[in-house]
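Since the model is a prediction, treat every value here as computed from it, not as a measurement. In what follows, every chain begins at residue 1, and chains take the letters A, B, ... in the order their sequences are listed.
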Amino acid sequence: MHEVIICEKPKSSEKIANALSRNTIKNSYKKVPYYEFEENGKKTTVLSAVGHLYSLSPTNSKQDKIFDIDWVPLYDKDKQKKYVKNYVDAIKKLAKGADKFIHACDYDIEGTVIGYNALKYACGEDSIDKATRMKFSTLTKEDIVKAYENPIPIDFHQVDSGIARHVLDFLFGVNISKYLTDSVREATSRYVQLSAGRVQTPTLSILVDREKEIKNFKPIPYWLIKAALEDDIIADHKAGKIFERKEADGILADCGDADAVVTDVTLRENKRTPPVPFDLGSLQSEAYGVFGFSPKRTQQIAQNLYTEGYTSYPRTSSQKLPKSIGYDKILKQLSKNAEFKKHVDALKKPLKPNEGKKTDEAHPAIHPTGTLPTGLDTNEQKLYELIVYRFISVFGEDALQESMKTKLNINSQEFSFSRKRMAKMGWLEHYPFRKIEDEKFPDIKKGDTLKVNEILCEEKETKPPARYNQASLIRELEKRGLGTKSTRANIISILYDRKYIEGQKIQVNELGEHLIDTLKEYSEDITSEELTRKFETELEDIMADKITKDNVIEEAKVGLSSILDDIEKNKSKIGEKLYEAYQESRIVGQCKCGGNLVMKYSYRTKGTFVGCSAYPKCKVTYPIPRGTNVLKTKCEKCGLPMISFGKPRQRACLDPKCGRNGKESTNEVVGVCPQCGEQLIKRMGRYGEFIGCSGFPKCRFTKSVEEQEAK
DNA sequence: GCAAGGTC
């Protein structure tokens, strides 16, 4: 009797194999680990997939509408996925001739498809008839054994529902993308890769909406009245924003040149509870704010740390740290590092983590494993320490913040000011990445009189809503249920790659905006969450056996077909307009000859450069080496755009002859040093502007201007 | 190649 268990990923195959027998032996085939044990004359082989092993692909790429598709090995489609082949080969070889199969992938819709396809295409079609399903929600020994002893049949409605998700996404995404790209090619014989999809298009649409809000924003003037008092105290008038000049004048007149009388002083203590452990989204957010890492980069680094065994599984949405992860032991092991030890020793027993609300059936929150890393590069080290200090501080004590709220009267006008300082650092002691307010409290009490130096009336304007950055956009997608924790960072980077959006503070250019306008006209559904919602109900209906998968797909093809015909009919108009928008989006500035400076691509050097739109009359070009970004900021010396390059990022003028940089240093204070608490100052270095700590040389903290602006 | 979804 030979039994084969198919798992979703190598880590879970290891856990499952070890939970089911004490006689488990680890082997490997083509570097792919697998496990074997024998109990009561039955041999069991535990094998692993690596996520999806198969992917949809056209069966005939010549068709206009790519409607005929089938599963092919992932490594055939994507040369970067070569490592997948070894896993497929291992399954094919080691599952051969088995009498019994167990589908033990994650119990969710994608896991169901992964296991089903592994059975169907790697183990052979007949393996499905001999297969059962393990259903577990955590990879604890208890859960695994229970699932193994109580197998359930494979739910083929669930399988169909998952397959339908793949097919629908493929049909809509690939076909609409193809038709848009073709329309530009046929109208202008230029190749501009365009794309649309159930997730990427609504994401772009969110950004376009924000862009339009900003564009249409009409600033409204308002006035703030402040009183400058003795001891450098600035108090604000109770009214806050005053939108009528007359009202502001009235208040000013009322105040006259009277002194301020303190009418109330309230002291309060506020608790600041420890942070909650990281799930992937909050790690991406924090690493973006603290280090300026893009979410994609954070995900890659976290994956490396996980593969090396230093931190736990990163693609989790859990903010829970169950006792079963053994946090006492992890903290003890972390203590082998002297720096960590100081913090661990300061924790009060008994240890209890402050957990967040979000959960994940398959994994706990991101945490260090206790194995201390060696040979990490700078960025890996930064992210690792962020994870460790967050983990430690989750067990810390509440911090206490004291606040002072003071009310004052100047004649009949009420003003107030407040101060904050830390009374007890608590968990903040272990987590150096948070801003702490530590202001001096003036020594005053009710009834005191304070001298008024001046009453100020500041004219301001209301501001448009802020642009998204990558971190806030990920949070927005999460809120709307678009994409998944593992794909959101990738989706955003696709929008950058296609050149629909640019900048750290994400700005949509003409191409992105026009693409959404076009799609709104021809396929409104794909520009909003509507399509996701529609898919969701259809998939639920398939799962509940209210409708068949083939029915849903056929209906989708009919709807899609008419969208594609519509695009086809108008393709010259669509193509020309999209190309026009594309060209406009490539403009980076004004040439000295009056033409536009445009991003161009050289087939000869296979690289980008900036050239003049008046070519060949004007032959001006500027080099754009790999890794260089052209910024919106203009050089203050010559007016050409600035560029950023290098690591850490440096800035300079597009024109190399203009000088290293076209900007004088401001030495402006831009924040507080996360390492020592001194001021962070923007200053000019040999290679351009950077942010440094005023505590230099005692504290050598630096970061790039880009990282700072990313905040 | 184009999508979105798993994973190393």
Among dA3(B), dC8(B), dG5(B), the one nearest any side-chain atom of Arg315(A) is dC8(B)
Taking only side-chain nitrogens and oxygens of Arg185(A), does any of them come within less than 4.0 Å of OP1 or OP2 of dC2(B)? no
>> Classify Thr181(A) by what it touches in the nucleic acid, base, sugar-phosphate, or nothing, heavy-atom distance under 4.0 Å.
In response: nothing
Assign each of Pro10(A) and Leu482(A) the nucleotide of DNA chain B bearing its closest heavy atom; nearer the 5' end lies the nucleotide of Leu482(A)
Among the nucleotides dT7(B), dC2(B), dA3(B), whichever has the atom closest to the side chain of Pro58(A) is dC2(B)
ring-ring contact (aromatic ring centres under 6.0 Å, His included) test vs Tyr54(A) passes for just one of Tyr87(A), Tyr121(A), Trp71(A), Tyr116(A), namely Tyr121(A)
Presence of Thr487(A) side-chain N/O under 4.0 Å of dA4(B) phosphate oxygens OP1/OP2: no
Exercise. Step through the shown structure and confirm whether more than 12 heavy atoms of other residues, nucleotides or ligands are within 6.0 Å of NZ on Lys135(A).
Key: no
*asked:* Under 4.0 Å from OP1 or OP2 of dG5(B): is there any side-chain N or O of Ser486(A) that close?
replied: no
TODO: Taking only the side-chain nitrogens and oxygens of Ser195(A), find out if one of them lies under 4.0 Å from OP1 or OP2 of dG1(B).
DONE: no
note: Phe535(A), atom CZ; dA4(B), atom P; distance rounded to Å ~ 10 Å
To the nearest angstrom, the CZ-P distance between Arg488(A) and dT7(B) comes to 14 Å
Exercise for review: Would you mind checking if Arg210(A) and Glu476(A) are paired as a salt bridge, meaning a charged N to carboxylate O distance below 4.0 Å?
Suggested key: no
From CG of Asp78(A) across to P of dA4(B) the rounded distance in Å is 15 Å
SB check Glu14(A) Lys11(A) (cutoff 4.0 Å)
no
message: If you go through the side-chain atoms of Tyr87(A), does one of them form a donor-acceptor pair with the base of dT7(B) closer than 3.5 Å?
response: no
Does OP1 or OP2 of dG5(B) have a side-chain N or O of Arg198(A) closer than 4.0 Å? yes
From the candidates dT7(B), dA3(B), dG5(B), the one with an atom nearest any side-chain atom of Ile494(A) is dA3(B)
Practice item. Under 4.0 Å between any heavy atoms, over every strand shown, what does Gly111(A) touch: base, sugar-phosphate, or nothing? Just pick one. Key: nothing
query: Quick check: are there more than 12 heavy atoms from other residues, nucleotides or ligands sitting under 6.0 Å from NZ of Lys96(A)?
result: no
Lys81(A) NZ to dG5(B) C1', in whole Å, measures 10 Å
From CZ of Phe170(A) across to P of dA3(B) the rounded distance in Å is 10 Å
Ile91(A) CD1 to dT7(B) P, in whole Å, measures 15 Å
Looking only at dC8(B), dG6(B), dA4(B), the nucleotide nearest the Tyr83(A) side chain is dC8(B)
Per atom distances to the Gln200(A) side chain, the nearest of dC2(B), dA4(B), dG6(B) is dA4(B)
Checking dA3(B), dC8(B), dG6(B) against the side chain of Leu74(A) (C-beta onward), the nearest is dG6(B)
Answer with base, sugar-phosphate or nothing: what part of the nucleic acid does Tyr306(A) contact at a heavy-atom distance below 4.0 Å? sugar-phosphate
In whole angstroms, the gap separating P of dA4(B) from CD of Glu110(A) amounts to 13 Å
Nearest-nucleotide check on DNA chain B, Pro202(A) vs Tyr313(A); residue mapping nearer the 5' end is Pro202(A)
Item to complete: In plain terms, say whether Arg533(A) and Glu530(A) are close enough for a salt bridge, that is, a side-chain N and a carboxylate O under 4.0 Å apart.
Response: no
| said: What contact category does Ile66(A) fall into here, base, sugar-phosphate, or nothing, at under 4.0 angstrom with non-hydrogen atoms? | reply: base
When rounded to whole Å, the CG to P distance for the pair Asn117(A) and dT7(B) reads 15 Å
Hey, is Lys569(A) close enough to Asp565(A) for a salt bridge, meaning N to O under 4.0 Å?
no
What's Ala196(A) touching, base or sugar-phosphate or nothing? Going by heavy atoms closer than 4.0 Å. sugar-phosphate
Of the listed dA3(B), dT7(B), dA4(B), the closest approach to the Ile491(A) side chain comes from dA4(B)
